[in-house]
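As structure tokens, the structure follows; a few thoughts come after it.
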Amino acid sequence: MELHAPEGGIHSWRDFFVHMATIVLGIMIAIGLEQSVEAIHHRYERRQLESDIHADLEANVKRVEYDRRIYEGQRAALVELRAAVEARRAGQDATTPDVSARRSATGVMPSFAAWEAARQSGTLALLPNAEVRIDSRFLFQLDRLSDAMAEFEKSALDLESFEERFRDSPGAFDMQMKDPAPDIRSMSPEELEEYSQLLSRMIKSLDRFTIRMRFVDMEDRVLLSGVRNDEEMLREMSRQMGASYR
């Protein structure tokens with residue numbers, strides 16, 4: 001905005017006050033217009049963020065449902081393989097079960113792209129405080145899920161590294177590649193014990209991961225139900241957890 005002196009000059013106090021009032025009014029109009037444009041932009045950004053978050057939540061519900069079936073199969077394969085190892089340790093004539101099919105699939109991690117982008121850009125601040133609190137709680141669960149996934153992948157790598165000692169396999173069953181288990185008949189008692197421990201560790205890390213995934217799924221569904229209050233969210237989560245353990 002450029003300020004100019006009146007064309008006829010200022011000859012009285014009245015002219016001065018009229019000129020100052022004109023300037024102040026012009027500045028207020030300019031500021032008001034700027035704030036209105038910014039408010040409209042923020043409203044658009046907020047609606048877009050809420051739409052992106054909602055889309056992530058709906059996609060996550062489908063991902064978790066898919067993952068549940070995948071990881072149930074993986075756990076069953078690990079338990080079956082460990083049972084064969086334990087039978088072998090007990091002196092039985094057990095052989096390696098064919099679990100390659102159930103070892104060739106992996107889940108899809110729930111997405112938190114919308115939250116991560118909003119956290120990086122600072123647009124989470126556009127949401128009401130109540131929504132920010134429950135979104136922060138959801139982000140906390142996603143972080144814990146990522147930690148559990150990292151531990152699961154580490155246990156899978158340790159198990160595959162052990163198995164590689166008994167056969168050369170380019171596969172990696174935690175990467176959707178077929179990777180048959182080695183022949184347990186070629187293992188010594190000490191190796192069978194180590195194998196059993198690695199399988200047990202992977203089973204437990206998978207259990208921890210699926211429990212974390214279950215928490216994320218519950219929060220997904222609670223948020224999709226329209227809950228936008230921290231207390232209501234905790235109450236609904238407690239209700240769902242109570243119902244699932246009956």
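What's counted below: heavy atoms across the whole structure, side chains too, no hydrogens, waters or symmetry copies.
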| query | Would L145 and F215 count as a side chain to side chain contact (heavy atoms under 4.5 Å, CB included) if you check the C-alpha gap in whole Å, the side-chain angles of each, and the deciding distance to 0.1 Å? | reply | CA-CA 9 Å; L145 179 64; F215 274 111; over 6 Å; no
| field | Nearest-0.5 Å distance, CD of residue Q197 to CZ of residue R201 | value | 11.0 Å
| task | Look at atom CZ of R208 and say whether more than 12 heavy atoms of other residues, nucleotides or ligands are closer to it than 6.0 Å. | result |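 It does not: R208 CZ has 12 such atoms or fewer within range.
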| message | If you count every heavy atom of other residues, nucleotides or ligands that lies below 6.0 Å from R165 atom CZ, does the total exceed 12? | response |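 Yes - once you tally the heavy atoms of other residues, nucleotides and ligands closer than 6.0 Å, there are more than 12.
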| Between R144 and F140, is NZ or CZ placed under 6.0 angstrom from the six-membered ring centre and within 45° of the ring axis? |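 Yes, cation above the ring, under 6.0 Å and within 45°.
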Any donor-acceptor N/O pair, [X] side chain to [Y] backbone, under 3.5 Å:
X: S200; Y: S196; result: yes
X: R167; Y: P180; result: yes
X: N60; Y: D56; result: yes

[X] and [Y] ion-paired at < 4.0 Å:
X: E86; Y: R89; value: yes
X: D207; Y: K204; value: yes
X: E151; Y: K154; value: no

| message | Apply side chain to side chain contact (heavy atoms under 4.5 Å, CB included) to residues Y195 and F166 and explain how you reach the verdict. | response | CA-CA 11 Å; Y195 199 18; F166 301 91; over 6 Å; no
| Among D93, T95, T96, which one satisfies side chain to side chain donor-acceptor pair (under 3.5 Å) with R88? | D93
